[in-house]
Structures are given as structure tokens and as C-alpha cells.
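Next up is a structure, given as C-alpha cells.
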Amino acid sequence: MLKTMKPQHPQGDLTLFLQALNFSAGKHRDQRRKDSAASPYINHPIEVACLLWTVGGVHDEAAILAAILHDTIEDTDTTPEEIRTRFGDDVLGLVLEMSDDKSLPKQERKRKQIVHSPRLSLRAKQIKLADKICNVHDIAFSPPEGWPLARRIDYLQWAREVIDGLRGANALLEERFDETLVLARQKLASESDGSP
Ligand code: ZN
């Protein structure tokens with residue numbers, strides 16, 4: 001049976017998705033993750049979008065585009081206008097919800113994430129969940145170079161507080177977050193024991 005199709009972006013049309021990938025890859029092209037392998041930064045938003053779709057069952061185009069773009073405003077020279085022109089207001093709104101105000105000191109930004117997480121829109125909560133799953137995993141298994149154990153333990157605690165503020169947004173992603181946190185804590189505990 002034929003589905004009703006929107007004139008510009010029929011269901012299954014990958015145009016905007018590919019444009020978002022292309023745009024984000026270009027914007028993040030000079031950035032690397034802070035792990036010892038210095039992975040290309042773009043791996044991270046791709047992983048976030050992939051978790052949303054495959055684990056969270058979030059099959060919403062704007063949410064997936066926003067996941068691909070979620071760090072462009074915060075971490076690159078991307079302006080809100082660029083996102084709006086290419087991907088529309090809906091996607092821009094989600095990306096802005098995912099963006100910390102870099103003019104604030106780091107501790108203040110982290111505190112604000114805890115305070116704001118209950119007030120995010122449902123889709124932003126889902127993207128935040130996928131983002132924190134990736135980050136918690138990375139902090140444990142491919143940590144930023146030079147981070148002492150105590151800082152990594154603090155990160156896990158902080159991420160948990162952010163996520164505790166938005167529970168109820170997506171049971172599958174929350175379950176994956178909890179599992180990832182258990183594994184991450186085990187990994188850090190084993191490092192503090194000195195066991196392999
Ligand atoms: Zn991120």
C-alpha cells in the first residue's frame with residue numbers, strides 16, 4: 001500500500017540525513033575525541049544517532065538529525081542560522097536544547113545540565129540519554145588522556161544525576177544507560193584495585 005508522502009521529504013528519503021552527516025563531518029573535521037587513539041570527533045554524533053535509532057527505537061527524523069548535529073553549535077563555529085537554514089526550526093530547537101552555554105565556567109555548565117534535564121523536551125531527553133550512554137562508556141573504556149581516576153568517577157556520578165532528572169523519557173535507553181554505568185563503575189573499580 002502506498003503511504004502518503006510529504007512533497008519535499010517523503011518517508012525514507014535520506015536526503016536530509018545525508019546532508020546532516022556531511023555538514024557535521026565538515027564542521028567537526030579538525031576535532032578529535034580526547035581518548036588516547038584521538039578518534040575522529042564525528043564518530044561520537046554518529047554513535048549517538050545510532051543508539052537513538054537502534055536501542056531507543058526513536059525513528060523521528062528531526063531527532064536523528066539533531067543527534068548528528070548535537071555538538072556543532074557548542075563545539076564548532078556553527079551558528080543557529082546555519083542549522084535553521086539547512087534543517088529547519090524543529091531541528092535547531094533540539095540542537096539548542098543540547099548545547100551548553102560555553103561562556104559559563106565549566107562547573108556552572110555542569111550544574112545547569114542537572115537543573116535543566118527535567119525541563120528538556122521529550123526528544124531532547126532521548127538525545128541526552130544516548131549522548132550520556134556514549135560518554136559514560138568512553139570515560140570508562142577509552143578515557144580522555146590525562147584524566148585521573150577521581151575525575152572519571154566524578155564524571156560518572158554527574159552523568160547519573162543528569163539522567164536521573166529525565167527518567168521516564170525512554171525506558172530502553174534508560175536501561176542501556178544503567179547497564180553501561182554498572183560496567184563503567186566496575187571498570188573504574190578494577191583500575192583502582194590495580195587488577196586488569
Ligand atoms: Zn555529545
Side-chain angles (χ1 to χ4, degrees), residues 17 20-56 58 60 62-80 82-83 87 91-104 106-117 119-145 147 151-152 154-166 169-170 173-174 176-177 180-181 184:
F17 172 72
L21 265 185
N22 206 23
F23 179 83
S24 190
K27 290 291 188 180
H28 289 299
R29 69 185 178 280
D30 294 327
Q31 290 177 300
R32 297 288 176 272
R33 297 291 280 174
K34 295 176 192 148
D35 58 314
S36 59
S39 320
Y41 196 91
I42 190 66
N43 291 21
H44 166 68
I46 292 173
E47 201 179 347
V48 170
C50 188
L51 271 175
L52 263 186
W53 185 277
T54 59
V55 174
V58 178
D60 174 284
I64 296 297
L65 297 180
I68 293 287
L69 299 164
H70 79 270
D71 281 331
T72 54
I73 290 182
E74 187 178 310
D75 284 341
T76 77
D77 64 0
T78 305
T79 63
E82 283 179 279
I83 303 275
F87 307 106
V91 173
L92 172 62
L94 292 170
V95 174
L96 288 175
E97 283 193 275
M98 290 296 294
S99 302
D100 286 351
D101 179 352
K102 281 267 186 131
S103 68
L104 297 172
K106 183 153 182 118
Q107 282 311 316
E108 179 63 8
R109 297 202 311 261
K110 295 190 81 167
R111 194 191 65 79
K112 283 204 157 196
Q113 280 205 34
I114 295 173
V115 174
H116 285 152
S117 72
R119 304 182 207 150
L120 296 173
S121 68
L122 175 62
R123 289 178 299 173
K125 285 177 179 174
Q126 293 170 327
I127 300 169
K128 182 74 80 178
L129 270 160
D131 189 35
K132 290 288 183 277
I133 292 167
C134 292
N135 290 342
V136 162
H137 180 274
D138 289 350
I139 289 293
F141 296 97
S142 45
E145 281 218 86
W147 276 38
R151 185 171 178 190
R152 293 160 69 203
D154 283 353
Y155 183 93
L156 298 189
Q157 182 54 33
W158 168 74
R160 167 144 195 210
E161 287 177 47
V162 174
I163 294 309
D164 280 349
L166 53 70
N170 186 302
L173 289 170
E174 286 159 46
R176 174 63 71 93
F177 176 83
T180 306
L181 189 62

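Start at 1 and go down the list; that is how both ligands and their atoms are numbered.
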Name the atoms and distances for all side-chain donor-acceptor pairs under 3.5 Å in residues 46-54, with sequence neighbours left out.
from	atom 1	to	atom 2	distance (Å)
T54	OG1	C50	O	2.7

>> Nearest N/O/S atom of D71 with respect to the Zn ion (ligand 1), by atom name, please.
In response: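 In D71, the heteroatom (N, O or S) nearest the Zn ion (ligand 1) is OD2.
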
> Does any N, O or S atom in C134 come within less than 2.8 Å of the Zn ion (ligand 1)?
Replying inline: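 No N, O or S atom of C134 is closer than 2.8 Å to the Zn ion (ligand 1), so no.
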
> Tell me, which N, O or S atom in D131 is closest to the Zn ion (ligand 1)?
Replying inline: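 Going by distance to the Zn ion (ligand 1), the closest N, O or S atom in D131 is OD1.
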
>> Under the rule for salt bridge (Lys or Arg N to Asp or Glu O under 4.0 Å), what residues qualify as partners of K106, not counting sequence neighbours?
In response: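 K106: no salt bridge (Lys or Arg N to Asp or Glu O under 4.0 Å) contacts found.
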
> Would you call K27-D77 a salt bridge at under 4.0 Å N-O?
Replying inline: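 Yes, K27 and D77 are salt-bridged.
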
> Of all the N, O or S atoms in H70, which one sits nearest to the Zn ion (ligand 1)?
Replying inline: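 This turns out to be NE2.
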
>> What I want to check is whether the side chains of D71 and H28 have a donor and an acceptor closer together than 3.5 Å.
In response: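 There is no such pair (donor and acceptor under 3.5 Å, judged by atom type) between the side chains of D71 and H28.
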
